[in-house]
Amino acid sequence: MPEEIAAPVTNNFLRTIIDEDLKSGKHAGIVTRFPPEPNGYLHIGHAKSICINFGLARDFGGRCHLRFDDTNPAKEEQEYIDSIKESVRWLGFDWGKHLYYASDNFDQLYQWAVYLIEQGKAYVEDLNAEQIRAYRGTLTEPGTESPFRSRPVAENSDLFRRMKDGEFPDGTRVLRAKIDMASPNMNLRDPVLYRIIHTPHPHVGDTWKIYPMYDFAHGQTDAIEGITHSICTLEFESHKPLYEWFLDNLPVPARPRQYEFARLNLTYTVMSKRKLQELVRLGIVSGWDDPRLPTLEGLRRRGYPSAAVRSFCEQIGVGRSDSWIDVSILEECVRTHLNETAPRAMAVLRPIKLVIDNYPVGQTEEFTAANHPQRPEMGSRSILFSREIWIDADDFMEVPSKGFHRLTIGGEVKLRSGYIVTCLSVVKDGDGEIIELHGEYDPASREGIHTADGRKVKGVIHWVSAENAVNAEVRLFDRLFSDPNPDRGGIDYKQFLNPDSVQILTDCRLEASLADAVDETRYQFERQGYFCLDPKDAGSGTLVFNRIVTLRDTWAAKK
RNA sequence: UGGGGCGUCGCCAAGCGGUAAGGCACCGGAUUUUGAUUCCGGCAUUCCCAGGUUCGAUCCCUGGCGCCCCAGCCA
């Protein structure tokens, strides 16, 4: 693999903070973490977080942990744990021996909850969820203290122990921190610390009947792991005072700091777990790895190189203002990477036969075609020329539109790596559908794009010999939605589904060398785009290609 | 309407009191057997608005305006 394209490293507020912390000696080294809850599959938004956390650790000589924030067994599954690990690896990051689970700290967390009770800073709540909500007040009105808030310490201790022992059913009691029911910050109005859940946990099984809430687990876990910079998204900002309250009131071994950045929003797609889930459940997409989805498994199956996803994450930067990134930036990163690395090949997606009448029946020739026009070290391959060849329907127009410089009747065109040919006639069936084209070639035109009389041929088209072409299915993917922001409120996002987000072409003719296409290799089908074998459906003699992304097409854009 | 945060080119984003980096997009032009690539050139007298402080402000102060987040026993 070629070396990673060095992305211009622009400064950002996190780098500035870390620089200062290191310079001032506040930290000798940095420790970050990527802390997904294993309740679903990762998507490109997570990739941003992964690149930030692992990238910062890499750039500043620190380390980054992979931590499963598994505090809610009702939503988590082993399948997600496995998928997440695989996706992080695919993205090219390595947590080494630093794989952790919040649930590994359940004993410690429980001890700390007991400690808070003993300090008179936590109490067992008997009010139900609905009552708790009512007592919490509103954004503009202070809450009301629960009648159980002044429960004696001994009673709290006893009740909490019995909650842990599984004596009470789900939802009957919770443990709450005693902070301030009148706080303008809702998170400080006696937040719930523990709830009762009698559901087996994917990592710790059925040892626990009570589970800590995110707020009671995250900061403490950061402290236990020695995280120096706990980086999360903006919506956790109002949790920071709580995060710090626990660090202040518990005998934690370290003092991590939380920093927030703006999460990634991408146009023409949806990112919320709920919507992604619905697309899968409704069968609108084929699964979590559908190549049109922004999931990491989807992008991977689509053929996006992980290096391109990484450079995308570098390029969009990290800030604190809400932003919408246009998907075209992601696509451009993919093109940039693939242009340099992908071997070229010729593939006719919508074949029409062109018969070269002045080329002898039965004769063939082998031409040499470079695998990459700018990189001779990538070698070359031989392609077969014969009397009958396939060309793309898009490259022929009986009545050419203005500016069209491909094949027309009476017009000439250069066959890439081959001869100049002229089309002389069209054969149609009764319905007026084109059956085949007839034409002639210029034997002296193997090299260059000039005719014998010195004219320069404007068009160059791809083609494949009918003699040895291989058949394949090619899937052309496009954006899943036709609106830049299908996720906007008020309207059902499914209204914006792009009806042509996938086109399956089953009768494609590819150059013979593609019969040996390799799984991990991305090819450029010249003049069309980048393609790779579908990792799921290709194999055992069946060729199925996915279009990763088209080539830039200023001609099509102009039309 | 309580609290917190954000507002620099079409989209991101540097800048942190000394006179607007970069990327993507876009527009020209050159090279090209991919209408691709590459290459050159252009692209914010101006930083949400209005006042103020200062020799000097995108950066400081005041007041507006706009957008986002918080009322899960989700994370």
Side-chain angles (χ1 to χ4, degrees), chain A residues 7-8 10-12 16 35-37 39 69-72 74-75 125 127-129 132-134 136-143 170-176 182-189 191-197 210-211 213-215 217-218 232-241 260 262 267 273 314-326 328-329 331-333 335-336 339-340 344 346 369-370 372-374 403-406 414-418 420 445-450 457-462 524-529 550-558:
Chain A
T10 57
N11 200 27
N12 64 52
T16 303
E37 182 191 16
N39 68 344
D69 219 340
D70 54 351
T71 55
N72 188 353
K75 298 192 169 185
E125 173 67 273
L127 256 29
N128 63 34
I132 289 176
R133 190 182 334 116
R136 188 151 31 223
T138 67
L139 292 178
T140 53
E141 297 156 334
D170 288 11
T172 51
R173 273 182 242 265
V174 292
L175 182 72
R176 290 231 257 174
S183 172
N185 183 337
M186 301 297 285
N187 295 297
L188 262 20
R189 321 245 264 225
V192 171
L193 268 29
Y194 268 91
R195 71 288 215 199
I196 300 167
I197 304 176
I210 55 171
Y211 288 87
M213 295 287 287
Y214 162 84
D215 287 304
H218 208 91
C232 61
T233 45
L234 243 22
E235 65 269 29
F236 289 99
E237 194 166 26
S238 58
H239 291 244
K240 182 145 69 180
E260 313 85 14
T267 57
K273 198 156 295 172
E314 288 296 336
Q315 225 166 91
I316 59 176
V318 186
R320 286 175 60 84
S321 52
D322 298 316
S323 60
W324 281 87
I325 307 291
D326 202 289
S328 63
I329 291 177
E331 292 166 348
E332 198 46 40
C333 286
R335 288 192 188 101
T336 300
N339 175 50
E340 297 187 10
R344 317 278 123 132
M346 291 205 281
H372 190 115
Q374 283 84 33
F404 182 83
H405 53 236
R406 275 105 99 150
K414 172 76 178 182
L415 296 178
R416 170 121 250 233
S417 305
I420 291 174
S445 64
R446 261 290 285 126
E447 301 298 329
I449 51 167
H450 290 272
V457 176
K458 275 184 304 202
V460 177
I461 65 169
H462 58 276
Q524 184 194 94
F525 289 178
E526 287 196 281
R527 303 208 309 131
Q528 306 189 86
T550 61
L551 247 36
R552 266 187 80 209
D553 190 349
T554 50
W555 164 243
K558 220 165 273 181

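Hydrogens, waters and symmetry mates are skipped; everything else that's a heavy atom, side chains included, is used.
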Whole-Å P distance, C26(B) and U37(B): 10 Å
Rounded distance (Å) that lies between atom P of U37(B) and atom CG of Asp553(A): 10 Å
Residue-phosphate contact under 4.0 Å: Ser321(A) side-chain N/O, A13(B) OP1/OP2: yes
Distance, P atom - from U31(B) to A36(B), rounded to whole angstrom: 14 Å
Nucleotide paired to G2(B) in any strand shown, Watson-Crick or G-U, under 3.5 Å: C70(B)
Nearest-Å distance once atom P is located in both C61(B) and U45(B): 26 Å
Touch class at under 4.0 angstrom, heavy-atom based, for Gln524(A) against every strand present: base
Side chain Arg446(A), main chain Ser417(A), donor-acceptor under 3.5 Å: yes
N or O in side chain of Thr554(A) less than 4.0 angstrom from A36(B) OP1/OP2: yes
Sugar-phosphate, base or nothing in reach of Phe525(A), heavy atoms under 4.0 Å: nothing
Most 5' of Thr138(A) and Glu237(A) on RNA chain B, judged by nearest nucleotide: Glu237(A)
Cationic N near anionic O, under 4.0 Å, Lys240(A) to Glu237(A): no
Whole-angstrom distance between G63(B) and G3(B), as gauged at atom P: 14 Å
Test item: Arg133(A) side-chain N/O and Asn128(A) main-chain N/O as donor-acceptor pair under 3.5 Å: no
From G72(B), U37(B), G3(B), nucleotide with atom closest to Asn339(A) side chain: U37(B)
Separation between the P atoms of G2(B) and C59(B), rounded to whole Å: 26 Å
Sugar-phosphate only, base, or nothing, as touched by Pro241(A) at under 4.0 Å among non-hydrogen atoms: nothing
Per Val460(A) side chain, nearest of listed nucleotides A36(B), A71(B), U34(B): U34(B)
Sugar-phosphate only, base, or nothing, as touched by Ile197(A) at under 4.0 Å among non-hydrogen atoms: nothing
Proximity to the side chain of Gln315(A) - top-ranked nucleotide from C73(B), C24(B), C74(B): C24(B)
Distance, rounded to the nearest Å, where Tyr211(A) contributes OH and C73(B) contributes P: 18 Å
Options G3(B), G35(B), A36(B), nucleotide nearest the side-chain atoms of Pro184(A): G3(B)
d(CZ, Arg552(A); C1', C39(B)) in whole Å: 14 Å
Phosphate OP1/OP2 of A71(B) contacted by Arg189(A) side-chain N/O (<4.0 Å): no
C6(B) OP1/OP2 closer than 4.0 Å to side-chain N/O of Arg320(A): yes
Proximity to the side chain of Ser238(A) - top-ranked nucleotide from A75(B), C70(B), A36(B): C70(B)
Side-chain (Arg344(A)) to main-chain (Ala370(A)) donor-acceptor, under 3.5 angstrom: no
Assigned partner base of C26(B), Watson-Crick or wobble definition, under 3.5 Å: G42(B)
Spacing of Glu332(A) atom CD relative to C11(B) atom C1', expressed in whole Å: 14 Å
Euclidean distance, atom CZ of residue Arg136(A) to atom C1' of C73(B) [Å, nearest integer]: 9 Å
N or O in side chain of Arg344(A) less than 4.0 angstrom from U37(B) OP1/OP2: no
Pairing of Glu37(A) and Lys273(A) as salt bridge, 4.0 angstrom limit: no
d(CH2, Trp555(A); C1', U34(B)) in whole Å: 16 Å
Mutual orientation of the aromatic rings belonging to His405(A) and Trp555(A) [parallel < 30°, tilted 30-60°, perpendicular > 60°]: parallel
Sugar-phosphate, base or nothing in reach of Glu447(A), heavy atoms under 4.0 Å: base
Conformer about C1'-N of G64(B) - syn within 90° of 0, anti elsewhere: anti
Sugar-phosphate only, base, or nothing, as touched by Glu37(A) at under 4.0 Å among non-hydrogen atoms: sugar-phosphate
Sugar-phosphate, base or nothing in reach of Leu139(A), heavy atoms under 4.0 Å: base
N or O in side chain of Asn185(A) less than 4.0 angstrom from G2(B) OP1/OP2: no
Verify stack between Tyr214(A) ring and A75(B) base, 5.5 Å, 30 degrees: no
N or O in side chain of Arg335(A) less than 4.0 angstrom from A36(B) OP1/OP2: no
Atom-pair distance (NZ on Lys458(A); P on U31(B)), nearest Å: 17 Å
Sugar-phosphate, base or nothing in reach of His218(A), heavy atoms under 4.0 Å: nothing
Nearest-nucleotide 5' precedence on RNA chain B, Thr140(A) against Gly448(A): Thr140(A)
Sugar-phosphate, base or nothing in reach of Val192(A), heavy atoms under 4.0 Å: sugar-phosphate
Sugar-phosphate, base or nothing in reach of His462(A), heavy atoms under 4.0 Å: nothing
Base-pairing assignment for U62(B) (Watson-Crick or G-U wobble, both under 3.5 Å): A50(B)
Touch class at under 4.0 angstrom, heavy-atom based, for Arg176(A) against every strand present: nothing
Minimal non-hydrogen separation, His450(A) against Ile420(A), with atom names: O-CD1, 3.7 Å
Sugar-phosphate, base or nothing in reach of Val318(A), heavy atoms under 4.0 Å: sugar-phosphate
Between G5(B) (P) and Asn187(A) (CG): distance, integer Å: 14 Å
Sugar-phosphate, base or nothing in reach of Asn39(A), heavy atoms under 4.0 Å: nothing
Under 3.5 Å donor-acceptor, Arg189(A) side chain and Arg136(A) backbone: yes
Side-chain donor-acceptor pair present, Ser183(A), Asn185(A), cut-off under 3.5 Å: no
Touch class at under 4.0 angstrom, heavy-atom based, for Leu127(A) against every strand present: base
Ile325(A) side-chain proximity, nearest of C12(B), U34(B), A13(B): C12(B)
